[in-house]
Amino acid sequence: MDPSTLLIVEQIVQGVNNQALRDVFVPLGARRCKIIYNKEGVNQGFAGVYFDTAGEASDAQQSRPEFTVGDWQGPPMRSRIAQPADLAHFKPIGGASLVPGPARAHKAQGPSLDEQLDELEVGFSSGDELGSYEVCVIDFEAAVSLAAGAFLPCEVGITVSTVDGGEQRHMHRFVDPGAMAPDAEVRARWTTRHIHGIPHRDFGLAVSDYSQLWAEVKEFLAPLHRPLLFAKGKLMEPSCLSWLAAKAGEPFP
């Protein structure tokens, strides 16, 4: 990781969160803002702001050498270009830029799990708000894996939970994976027998009305306004959702 692409923000007071820094630096091209916290959840007074290039970081630093956020009337926060020693607190990131647009389309691989978890902090001013925050986890089971990271699903489960209340609601359906090549049939049969036990053929509980199932998934997720947490990482769930949308004849968002 090149320290010249990282901006260090210092003198961060308690109550300032990552979203406050994003509001300042995303318009200047930042990809990510990361405040450092200790094990007790207290911020350590500094943060890293990630950029694609040294030039972008330098321009942002010159634009915001000192700044405040909100109605804070105390000493301003200060920014500087990172030094090699600063990298001990920050790790490289992958995934999409926070700034949409064709100029950054080549980076649109989706946020990492670490970046998604950062989003959970956004906007909370009290522990009560955090306790009632809804987190959605979506989990697919695959009948078989195909080439290039594609999967045919046989089960989907979605849960919405809060810290205070636990599970709030859930959705569960078995899915008919549909027709598959002979070699995939063999692997699906082995997976049924040795992995999850879900039949991939002639299973009375499996839904084959994909349009209805896709409509149910969208309706279940509609009240949510945060990124999903994928139970099995960045391949299976997006692949299965894309497959289901295609079977329903609709675009995958």
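Owing to the predicted nature of the structure, the values given are computational and were not obtained by experimental measurement. Every heavy atom of this structure was used, including side-chain atoms; hydrogens, water molecules and symmetry mates were not.
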_Working for side chain to side chain contact (heavy atoms under 4.5 Å, CB included), residues R187 and M180_ = CA-CA 10 Å; R187 287 184 282 117; M180 59 185 76; over 6 Å; no

_Separation of M77 CE from E10 CD (nearest 0.5 Å)_ = 12.0 Å

*Does the side chain of R31 reach to within under 4.5 Å of the side chain of E56, using non-hydrogen atoms?*
no

*Of all heavy-atom pairs between A82 and P3, which one has the smallest distance, and what is that distance?*
CB-O, 3.4 Å

*asked:* When you group the ILVMFWY residues by side-chain heavy-atom contacts below 4.5 Å and let the links chain together, are W214 and V207 in the same group?
replied: yes

*Quick one: SG on C154 to CD1 on I195, what's the gap to the nearest 0.5 Å?*
11.0 Å

*Check F46 against I12 and note the closest heavy-atom contact, atom names and distance.*
C-CD1, 3.7 Å

*Side chain H196, main chain A142, donor-acceptor under 3.5 Å*: yes

_side chain to side chain contact (heavy atoms under 4.5 Å, CB included), that's the test. Do V135 and S161 meet it? Break it down for me._
CA-CA 5 Å; V135 176; S161 304; 5.6 Å; no

*Can you pull the ring-ring contact (aromatic ring centres under 6.0 Å, His included) pairs that have at least one residue in residues 153-185, sequence neighbours excluded?*
H172-F174, F174-F203

_Within the structure provided, determine whether D86 and R80 are in side-chain contact (heavy-atom separation under 4.5 Å)._
yes

*T192 side chain vs A188 backbone, donor-acceptor pair below 3.5 Å*: yes

*asked:* Please determine whether the number of non-hydrogen atoms from other residues, nucleotides or ligands lying under 6.0 Å from atom CG of D202 exceeds 12.
replied: no

_My understanding is that only residues two or more places apart in sequence, or in another chain, count here; which of them pass salt bridge (Lys or Arg N to Asp or Glu O under 4.0 Å) with E219?_
none

_F25 six-ring centre to R64 NZ/CZ under 6.0 Å and within 45° of normal_ = no

*Side chains of T5 and Y50: closer than 4.5 Å at any heavy-atom pair?*
no

*Check: I81 and L7 side chains under 4.5 Å, non-hydrogen atoms*: yes

_Between V49 and V9, is there a side-chain heavy-atom distance shorter than 4.5 Å?_
yes

*When hydrophobic residues are tied together by side-chain contacts of less than 4.5 Å, even through go-betweens, does Y37 share a cluster with L21?*
yes

*Just how far is it from atom OG1 of T159 to atom CG of D139, taken to the nearest 0.5 Å?*
8.5 Å

*Which pair of non-hydrogen atoms, one from D176 and one from Y210, has the smallest distance, and what is that distance?*
O-OH, 2.6 Å

*So, for P75 and Q11, which heavy atoms are closest and what is the spacing to 0.1 Å?*
CB-NE2, 4.2 Å

_Measuring from atom OG of S208 to atom NZ of K247, what distance do you get when rounded to the nearest 0.5 angstrom?_
10.0 Å

*Given side chain to side chain contact (heavy atoms under 4.5 Å, CB included), test L241 with I138 step by step and report yes or no.*
CA-CA 10 Å; L241 285 169; I138 183 165; 3.9 Å; yes

*Could you tell me the separation between the CG atom of N18 and the SG atom of C33, rounded to the nearest 0.5 Å?*
7.0 Å

*Are any of the side-chain nitrogens in R173 or E155 under 4.0 Å away from the carboxylate oxygens of its partner?*
no

_Heavy-atom pair with the smallest gap, counting every atom of A60 and F51_ = CB-CZ, 3.4 Å

*asked:* Measuring only between side-chain heavy atoms, which start at C-beta, is V24 closer than 4.5 Å to V69?
replied: yes

_Measuring from atom CG of N17 to atom CD1 of I35, what distance do you get when rounded to the nearest 0.5 angstrom?_
6.0 Å

Return a table of donor-acceptor pairs under 3.5 angstrom between the side chains of residues 143-153 and protein atoms on other chains or two or more places apart.
none

*Do you reckon I198 sits in the same ILVMFWY cluster as V156, going by side-chain contacts under 4.5 Å, direct or chained?*
no

*Give a yes or no on whether L205 and V217 share a hydrophobic cluster (residues Ile, Leu, Val, Met, Phe, Trp, Tyr; joining criterion: side-chain heavy atoms under 4.5 Å apart).*
no

*Using only heavy-atom distances, determine whether the side chains of E185 and H200 contain a donor-acceptor pair under 3.5 Å.*
yes

*Would you sort out whether M1 and L6 count as a side chain to side chain contact (heavy atoms under 4.5 Å, CB included), showing the intermediate values?*
CA-CA 9 Å; M1 178 176 171; L6 182 70; 3.8 Å; yes

*asked:* Measuring only between side-chain heavy atoms, which start at C-beta, is V175 closer than 4.5 Å to L213?
replied: yes

*Should E66 and S79 count as side-chain neighbours, where that means a heavy-atom distance under 4.5 Å?*
no

*For residues V13 and N43, report the shortest heavy-atom separation together with the two atoms involved.*
O-ND2, 3.2 Å

